[in-house]
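Written out below as structure tokens is the structure these notes cover.
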Amino acid sequence: MGHHGGAARHRHRRLPHPGLWCAPVHRGLPDPVVHRHGRRRPRRARDLFPLRPRSPREGTRLTSAPLPPRFEPGAIERRWQEAWDQAELGRAPDRPPTPAFTVVLPPPNVTGDLHLGHFLGNTVTDLLVRRSRMSGVPTLWLPGIDHAGLSTQVAVRAHLAKQGIRLEDMSRDQVLAQVEGWKRDHERRILAALRAGGFSLDWSRYRYTMDPAYERATRRAFVALHKAGLVYRGERFVNWDPVLQTAVSDLEVEHSEEPTSLLYLRYPWADGSPGGLLVATVRPETIFGDVAVAVHPDDARHAAAVDRKVRVPLVDREVPVITDPGVDPTFGNGALKITPRHDLLDYEIFQRHPGLPMPPDVIDADGRLASDWVPEQFRGQDREEARKWVTEALRSGGFVDHETPYIHAVGRSERSNAVIEPRLSTQWFVRMAPLTPAVVEAVRSGEVRLYPARWELSFYRWMEKVQDWCISRQVVWGHPIPVYYCPACRHETAAEEPPAKCPECGHAPLTPDPDVLDTWFSSWLWPFATLGWPEDSPDLAHYFPTNLLETGRDIMFFWVARMMMASYYFLGRPPFRDVSFTGILRDLEGRKLSKHLGNSPDPVELLHERGADALRFALLFPSPVDQDGVFGLATLDNARNFLTKVWNLVRFAQAYLPEGVDAPDRAPILTEDSPLENRWILARWRRTVDEFEQALAGYEVTRAVGLLHSFIWYDLADRYVEVSKEALSGHRGEPLRRETQAVLLFTLERTLRLLHPIVPHVTEELWHAIPHRGTLLALAPWPRSNEAPDDPEAIVAMEVVYDAIRTLRSLRAGNRLAPSSSPPAWVRPSGEETAEVLRAQKALVLQQARVGALDFLEAGAPPPAGTAPSVTVHGEFFLALPTETTPAERRALERERAKLSGLLAKTEQRLADTGFRDRAPPEVLKAAEEKAQDLAERVRRIDEHLAADTPTGTG
RNA sequence: GGGCUCGUAGUCCAGCGGUGAAGACGUCGCUCUCACACAGCGAAGAUCGCCGGUUCGAAUCCGGCCGAGCCCA
């Protein structure tokens, strides 16, 4: 494997690492269900209403054996991953017949391993990608990795240091060999992790930022920008990392506030007059590079000092006192020493005063004092160390007037944590200003949308003040800068291929630029370079612009913004339509999950312990994707419990579905006689699909997953299954049994399809355990809500029924009735509609509330004796009690009364308010009036019950 | 210094102008009822950070304060 040498020849059309994860690849699809334990399926039936008889040609699979009682993810996940590979599930067509849905994977850095954040982003993407694929849209999710130049070299450097080897002591080739080895190792681990997560990537299009074609694209971009004058070389202030000895970009510097000491130094007057000028500094070690002392022109305190000369302490060099508006008069004493090579502000002031001499670097590339401007005894000392020694010397020389504690803004290199040394040096830069307008306009016009949209503000703000981007790095690992210098005429040539001789003077050979490019200079081409740019490739035509970028907002500026710049510049089009920012995962203490803090579990380990599906579900379910989310082990337990629930739901269905059932092609046609629960579950399913889709359209993944979760658990499992058991057992007649089987199968099968993009493995397994059509769930058509009928009345009616059931159950539990007892109950419905529903669904109430009878009371009829009452929105319920009303029950009634009369008072108060009557919309007014009536009625009834006091006997 | 986000039951969070403030974990009862105790049923638990304003009406909008976090200099 090693390098992707093939990349240059044709586009990759092979699994990148055969043998990497697929032990022997199985030839066909795996046998779906070959479980050994479990009960034998009961019953047989044929001619199922309204299913058609099974026809053998249609690939319908039968339940071959019951599922084991417990869900064990390990073997199942491996099996289906192999099946998907075998089917080349992720592979996008070369010539998609219809517009495609494209996502590029943010390429993980070969620096390290995947962390949970990657898994979160990938799970969200896989959800959308699988859904798109099932919807019949040609779908491409393109994987790849990033060489991550500087950070990988730093990682390898640290790794070698542990063995006592200094990277700096190795030759360039040795370093490259080391880094290559590291890359191969991590690439293997990253790819194995991606696969274990069940992510349906198109491995045939796998890319690497250093494969030859990609390198060529990077060179093309550089040369084109160079030609356009947007890439230039110049001596500028850069952020210098003295440990890694390279320049880094502004974004790679992390700012923090650190305590230090502010020294007030007395610079003696050059003419020998007593006293001197007080100059405050936190960096006394740079004193040797001073060329002036500056004060603000309006600063009256120092007016007399202007144009005089002072002596730099310790070296006695004479420097002028100058004025410059850039001086902050509130800092220290208002006098600033000017060290042009070691501070950006000083440099700017220096440039406005042409008479000043340019000093040498008094701090060299590795952060040590150097140059003949530095007294011999300090040369070679490290900055930190030198600060102490110089301070000491200043003190003993009597130059320190006083010192104060000071909070200093310090920039540290993201990679080495070394304090950044601002340094004047010759580097390559990208001119950003010409690249930003198209990008800002894209977001403003909505051509590119950010989710959540509130990040747009930070986006604009950054764009407005973006500085030129330093892209040269003085390291080994990376894309060489494609510039060649002529030793003879000094001409510099930027070219995609090394020129044989100097195009100016014909001299040969030329000297290549020794530096490499910032990693992001290749990453910013990712969405189109992976599709074949700069070639006019078919993939670019079919799959670009991409539809979605799912990434962390920590790289919004590093990557997202820059990709947009590159894409608009090179292709004149956006790189993607939607950008969805994944939240940041936190632990229970609210800390960011990070390797550094040691609070970040290894996702691969979790995955092996708990299964990919559980991990995926845990990441999506309680973790707001657009906010930051909390991740803990409780979350994983939750996920496991849910998956077990689904598992058992299918086991239940298996047990009640007869042999020989065909897959549900469409929803069963219900009739006038169909029971409420069948109408209801289909209507609920339909509504769930609608809401699910709506949530996903706005990338509200958490909400979408939550909707499905509660539908499955509370509607399907808790209610429908419980209610339909009677019918499924055949106790309500054969036609109803067949209809209920059909409804159950349809709902379950379609729900597994909906759930599949979230937890693909277990749903694939379960789908194969029930009648279905097709070879893989992953390839089954995406459900449409209108497959099931809309039936709002059924939904309302079921709420009424469950209110009754809940009320009666509560009375049972509150009065400690034996579970086996089934006392009679009465209801006085609050209205005719409720009465009608309850009358029609009486059997359902009896069964679910376990009451022996439910009789309806007339409006004026006295409450039955010996009963416990409860009053709800839908009516008064009475449950016969074996004994008299308990004090506990009386207390419950009193509490209910207090609550209701409180509400009533509030509502009446509102109604009495003329402002409310005049200004509130009529429907709100009406609702309030009805509510007041209802509350008053219920309070009155409770009062009746309380007044009746002791029941007269047993019902 | 500039900007952004978040403070809702013991914990995590939903709701973002009119619903008796949703759910999950945890807690407390009762059930090992023939898919599931990784479960079911029932119950308790919240002055929606504090102060003021706008409005007929505020958890929801505005201002201030207090607390937590993030980003940019």
Side-chain angles (χ1 to χ4, degrees), chain A residues 38-39 42 66-67 69-71 250-251 253-255 257 409 411 452 454-462 464-467 553-554 556-557 584 586 588 590-592 614 621-624 627-656 702-703 706 709-710 713-714 717-718 721-722 725 729 805-820 848-850 873 888 892 895-896 899-900 902-904 906-907 909-921 923-925 927-928 931 934-935:
Chain A
R39 277 184 329 275
L67 293 162
R70 221 156 251 265
F71 161 51
D250 295 345
L251 285 176
V253 179
E254 286 171 346
H255 297 271
E257 298 192 328
R454 70 186 128 89
W455 296 108
E456 287 174 13
L457 210 62
S458 326
F459 189 83
Y460 295 137
R461 218 171 284 278
W462 184 77
E464 277 159 20
K465 54 183 179 187
V466 64
Q467 301 283 311
R553 58 176 185 263
D554 51 331
M556 177 156 69
F557 306 129
I584 290 166
R586 300 177 178 284
L588 289 171
R591 300 173 308 176
K592 220 160 137 170
F621 180 56
S623 314
Q627 278 286 327
D628 293 349
V630 175
F631 187 87
L633 286 180
T635 309
L636 277 167
D637 286 343
N638 214 321
R640 176 203 55 195
N641 294 355
F642 174 66
L643 297 182
T644 305
K645 192 74 187 177
V646 179
W647 183 265
N648 281 304
L649 196 52
V650 173
R651 287 183 65 223
F652 168 82
Q654 250 192 345
Y656 283 92
T702 300
R703 195 164 80 84
H709 171 266
S710 58
W713 201 309
Y714 304 112
D718 283 353
V721 160
E722 289 309 321
K725 272 177 182 168
S729 308
I805 293 169
R806 224 181 296 116
T807 305
L808 293 171
R809 278 173 176 171
S810 179
L811 284 173
R812 286 183 71 100
N815 289 287
R816 307 190 164 264
L817 294 190
S820 52
Q848 290 303 306
R850 293 201 182 192
V873 197
R895 207 166 41 218
E896 180 73 3
K899 190 172 141 193
L900 292 180
L903 275 169
L904 178 60
K906 231 165 77 180
T907 311
Q909 197 183 340
R910 213 151 45 116
L911 283 167
D913 187 339
T914 51
F916 176 71
R917 290 194 159 283
D918 293 348
R919 308 233 187 159
E923 66 272 17
V924 172
L925 189 62
K931 186 169 145 188
D934 171 65
L935 287 169

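Quantities reported herein were computed from a predicted structural model and do not represent experimental measurements. Per chain, numbering begins at 1; letters A, B, ... match sequence-line order.
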With the side chain counted from C-beta on, respond yes when [X] and [Y] share a heavy-atom pair under 4.5 Å apart, and no when they do not.
X: A:D718; Y: A:K645; value: yes
X: A:Y656; Y: A:V721; value: no
X: A:K931; Y: A:D934; value: no
X: A:F916; Y: A:V924; value: yes

Measure [atom1]/[X] against [atom2]/[N] and give the value in whole Å, please.
X: A:W455; N: B:C4; atom1: CH2; atom2: C1'; value: 6 Å
X: A:L457; N: B:G3; atom1: CG; atom2: P; value: 10 Å
X: A:L636; N: B:C12; atom1: CG; atom2: P; value: 18 Å

Compare the minimum distances between each of [options] and the side chain of [X], then state the nucleotide with the smallest one.
X: A:W713; options: B:G40, B:C72, B:A35; result: B:G40
X: A:K725; options: B:G40, B:A35, B:U5; result: B:A35
X: A:D718; options: B:G40, B:A35, B:G3; result: B:G40
X: A:F652; options: B:G3, B:A35, B:U5; result: B:A35
X: A:N638; options: B:C25, B:U33, B:C36; result: B:C25

Original post:
Using atom C1' of each nucleotide, how far apart are B:A44 and B:C36 to the nearest Å?
Top reply: 26 Å
Subject >> Atom P, compared across B:A46 and B:U8: separation rounded to whole Å >> reply: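 One P to the other, the span is 15 Å.
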Just verifying a value: how many Å separate [X] [atom1] and [Y] [atom2], rounded to the nearest 0.5 Å?
X: A:W462; Y: A:Q467; atom1: CH2; atom2: CD; value: 10.5 Å
X: A:E722; Y: A:F652; atom1: CD; atom2: CZ; value: 7.5 Å
X: A:T644; Y: A:L649; atom1: OG1; atom2: CG; value: 12.0 Å
X: A:H709; Y: A:T702; atom1: NE2; atom2: OG1; value: 13.0 Å

Subject >> Each stem that RNA chain B is part of, given as range with range (3 or more consecutive Watson-Crick or G-U pairs, under 3.5 Å) >> reply: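 Expected stems, ordered by start: B:1-7 with B:66-72, B:10-12 with B:23-25, B:27-31 with B:39-43, B:49-53 with B:61-65.
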Quick one: is [N] close enough that its OP1 or OP2 comes under 4.0 Å of any side-chain N or O from [X]?
X: A:N641; N: B:A39; value: yes
X: A:W462; N: B:G3; value: no
X: A:S810; N: B:A43; value: yes

Original post:
Can you give one letter per nucleotide of nucleotides 17-23 of chain B, 5' to 3': B if a protein heavy atom sits under 4.0 Å from the base, S if only from the sugar-phosphate, - if neither?
Top reply: -BSB---
Original post:
Which residues pass the salt bridge (charged side-chain N to carboxylate O under 4.0 Å, His left out) test with A:R917, sequence neighbours left out?
Top reply: A:E929
